[in-house]
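Beneath this line is the structure, given in structure tokens, with notes to follow.
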Amino acid sequence: MSSHFESIEQVVDELAQGYYVADRALATVLFLSHKLEKPIFLEGEPGVGKTEVAIVMAKLFKTDLIRLQCYEGLDSSTALYEWNYPKQLLHIRLQERGDKKSDEIEEMIYRPEFLVERPLLEAIRKSDDKPPILLIDEIDRSDEEFEAFLLEVLSDFQITIPEIGTLKAEKKPMVVVTSNRTRDVHDALKRRCLYHWIDYPSFEKEHEIIMARLPGIESQFARQITHFMQKIRSFDFLKKPGVSETLDWARALMAMERKYLDEKVIIETLGCFLKYQEDIARFNQEIWSDTESREAYLHRPGEA
Amino acid sequence: MEHEQNGLTRKMIAFAAFLRDRGFRVFQSGVYDALRAVQTIGLEDRSDFFFCLRSILTTTDLEWAQFQSLFDEFWVTVDEEFEGGEDAPKKSDPNGRNNGEGKGRQLAAECEPVKGDMLSRDKEWLEGIAYSPIVSMVEKKDLSRFNQADVQVASLALKRMVAPFQVDRSRRLKRTKKSGGMDFQRIIKKSLKTGGIPLALFFKRKKLRLKRLVILADVSGSMDRYAQFVMPFLLGLRGIGSRAEVFVFSTTLTSITFSIRHMSFEKVLSHMAEEVPDWSGGTRIGFSLHQFNEKHGQRLLSQRTVVVVLSDGWDLGAKDLLRREMAQINRKCHTVIWLNPLAGDPDYEPLCRGMNTALPYVDHFMAADSLQSLKRVGRLLSRVMVH
């Protein structure tokens with residue numbers, strides 16, 4: 001594995017080695033992002049593998065993954081930097097015995113050693129040496145103020161700390177921004193990014209993902225699970241299960257040492273893929289009460 | 001740029017204009033980025049070309065879904081034209097330019113009412129004060145006899161009604177005097193003047209901010225009697241500067257937020273008449289709410305949202321659907337208020353099917369048939385909502 005992408009084929013191959021099954025569209029976007037040094041903006045339903053992209057990229061580039069989980073009220077002191085106040089206070093106390101002037105003390109306590117690095121500053125500092133992957137997760141949870149602030153950082157990877165000066169990254173880190181679409185993100189941010197929508201995978205792709213992620217599983221069993229999940233997604237649930245639910249479920253089934261799906265085991269493990277009480281109730285009422293639809297969902301191996 | 005000779009730049013500009021015409025948000029830098037990306041990737045593979053344009057020229061899932069067919073439509077015809085002769089790129093270029101100019105003009109036209117709105121907002125404040133002696137007179141009228149001139153009065157009443165919901169505590173901090181948590185950054189900085197002894201203390205606490213209001217108004221046939229109330233109610237929202245999202249529904253749901261916020265008074269009325277397909281039609285509350293949840297729920301419903309449904313509850317649609325959608329709204333938002341014009345009658349009982357179904361999921365059920373009752377609503381809310 002190298003730290004440089006030369007072609008789109010290489011991206012697809014290397015992602016596969018990192019156990020991430022990507023289609024060519026995603027690979028193209030990753031390739032472009034790498035070449036053009038633009039952030040990637042990933043959207044999609046929960047659990048389709050948005051965050052995973054960044055994790056795999058960090059693995060491929062053998063570099064650090066710096067993750068900034070967004071939430072409402074996130075501000076520069078938690079995202080960028082903060083002064084280490086206790087350390088500063090202690091230092092001031094120690095200096096009191098000497099006859100230092102106040103501006104000398106000031107100069108002393110506003111040095112980089114007194115900074116507490118937060119993810120964005122960390123990403124910029126580390127970029128000089130080996131650019132990390134910066135994952136800004138669930139940007140839609142942060143508020144508009146933070147988004148505006150992020151614009152400044154993302155456009156030229158430089159930040160200004162009034163007491164120290166401007167820090168600029170020599171090389172740009174690769175940035176992955178994810179969103180669950182709980183609100184619209186501002187155009188100015190989107191304009192700076194490459195957009196990619198990750199959809200629920202097709203049958204073949206989902207099967208491939210299970211096979212890649214769970215090496216011990218039998219192909220036939222994986223097909224049955226995939227068939228069930230694909231079918232359940234066509235039903236109008238409050239929260240449709242994503243790929244991560246599929247993998248959780250398959251892992252649970254493997255732990256229970258099952259080799260095929262039957263009616264009993266599905267009821268037992270329902271909580272792995274349906275996460276709302278209402279959904280479970282509807283599943284029991286509208287799908288599982290009818291023998292024919294039960295059969296259609298189970299799709300036993302050997303049948304057409 | 002090296003692709004200049006085969007007219008790619010021109011085509012790309014035309015393609016951007018083509019997309020913009022179909023409602024895409026294509027940014028100024030989009031064309032440049034696209035060309036840069038194409039240079040990186042090369043033109044050998046059509047699907048790579050497609051992927052690369054898609055990632056740069058789309059910004060939402062909706063655009064993402066439409067892109068394939070638009071891409072095919074544009075590049076197939078352009079390729080054919082291009083093979084047809086030398087003048088092909090030129091042909092598409094003037095097109096693109098015209099579109100661009102058209103868009104610019106349109107934008108300018110859209111901007112002006114916005115400005116006007118801003119100005120009139122201040123004016124409305126003043127007018128509101130001037131109005132106050134009249135308010136009491138107008139209040140006594142039955143709302144079904146209201147006309148457009150009463151919008152400003154309704155606006156005032158609404159302002160009062162919405163007031164208790166407006167303030168919400170954000171998690172963002174701001175500087176304050178002697179309350180909240182300590183602001184160490186400032187304390188240390190200021191303490192340096194006194195040789196490191198923090199003599200003055202500074203504080204910060206959570207900032208207050210507006211709550212979001214979502215209004216779902218029934219404009220079906222049965223509400224016609226109150227249309228003269230509904231209209232001032234909806235239009236009155238213009239003045240209060242809130243982040244209100246407004247929808248009207250009868251059998252289907254239509255958003256009128258944009259018209260209400262940005263258009264002039266006359267334009268809103270004509271626009272609504274055109275855009276809302278079934279004004280005074282039948283009622284499918286459940287289905288309309290379903291549409292709301294489906295399309296806008298993710299974006300608009302949160303614990304900071306107050307949902308106001310304005311309807312008489314006569315529903316011809318499925319009962320289960322209504323129950324499910326109401327339950328979902330109730331679970332996701334902060335408060336649900338149902339304003340029912342019929343409830344003004346002291347003998348009113350929520351007997352009709354729709355109202356009966358929805359009631360368990362409504363936090364506050366109130367009458368709204370006149371401005372006076374709106375005032376009552378406001379008073380009650382401010383009592384309930386004190387925290």
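Numbered from 1 within each chain, the chains take letters A, B, ... in sequence-line order.
Of the two parts of B:E63, neither the backbone nor the side chain holds a non-hydrogen atom closer than 4.5 Å to a non-hydrogen atom of chain A. Proximity to chain B (any heavy atom under 4.5 Å) is restricted, for A:E43, to the side chain, taken from C-beta onward. No part of B:H296 comes within reach of chain A, as not one of its non-hydrogen atoms sits under 4.5 angstrom from that chain. Only the side chain of A:I8 comes within contact range of chain B, with heavy atoms under 4.5 Å apart. For A:E82, no part lies under 4.5 angstrom from a heavy atom of chain B. Neither the backbone nor the side chain of A:D199 comes within less than 4.5 Å of any heavy atom of chain B. Looking at A:Y110, only its side chain comes within 4.5 Å of chain B, counting heavy atoms on both sides. Only the side chain of A:I109 has a heavy atom closer than 4.5 Å to any heavy atom of chain B. With a 4.5 Å cut-off on non-hydrogen atoms, A:L194 touches chain B through its backbone and its side chain both. B:N293 does not touch chain A: none of its heavy atoms, backbone or side chain, sits under 4.5 Å away.
Looking at A:I139 and A:L189, their side chains come closer than 4.5 Å, going by heavy atoms from C-beta outward.
For the set B:D48, B:I56, B:T40, the entry with the most heavy-atom pairs within less than 4.5 Å of chain A is B:D48. Listed options A:E163, A:H196, A:E106, A:K35 were ranked by heavy-atom pairs under 4.5 angstrom with chain B; first place goes to A:H196. Between chain A and the options B:Q328, B:Q28, B:R324, the largest number of non-hydrogen pairs under 4.5 Å is found for B:R324. The residue among A:Q88, A:R191, A:E278 with the most heavy atom pairs within less than 4.5 Å of chain B is A:R191.
Centroid-to-centroid, the aromatic rings of B:F24 and B:F18 stay 6.0 Å apart or farther. Aromatic ring centres of B:F74 and B:F15: separated by under 6.0 Å.
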Practice task
Could you walk me through whether A:T51 and A:D137 pass side chain to side chain donor-acceptor pair (under 3.5 Å), step by step?
Solution key: CA-CA 7 Å; A:T51 308; A:D137 216 3; 3.3 Å; yes
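The distance from atom CZ of B:R54 to atom CZ of B:F71, rounded to the nearest 0.5 Å, is 10.0 Å.
For A:R282, the CZ atom sits in a packed shell: over 12 heavy atoms of surrounding residues, nucleotides or ligands are nearer than 6.0 Å. A 6.0 Å sphere centred on CD of A:E107 holds no more than 12 heavy atoms belonging to other residues, nucleotides or ligands. More than 12 heavy atoms of other residues, nucleotides or ligands shown are found within 6.0 angstrom of NZ on A:K87.
Using a 4.0 Å cut-off between charged side-chain N and carboxylate O, A:E9 and A:R24 make a salt bridge.
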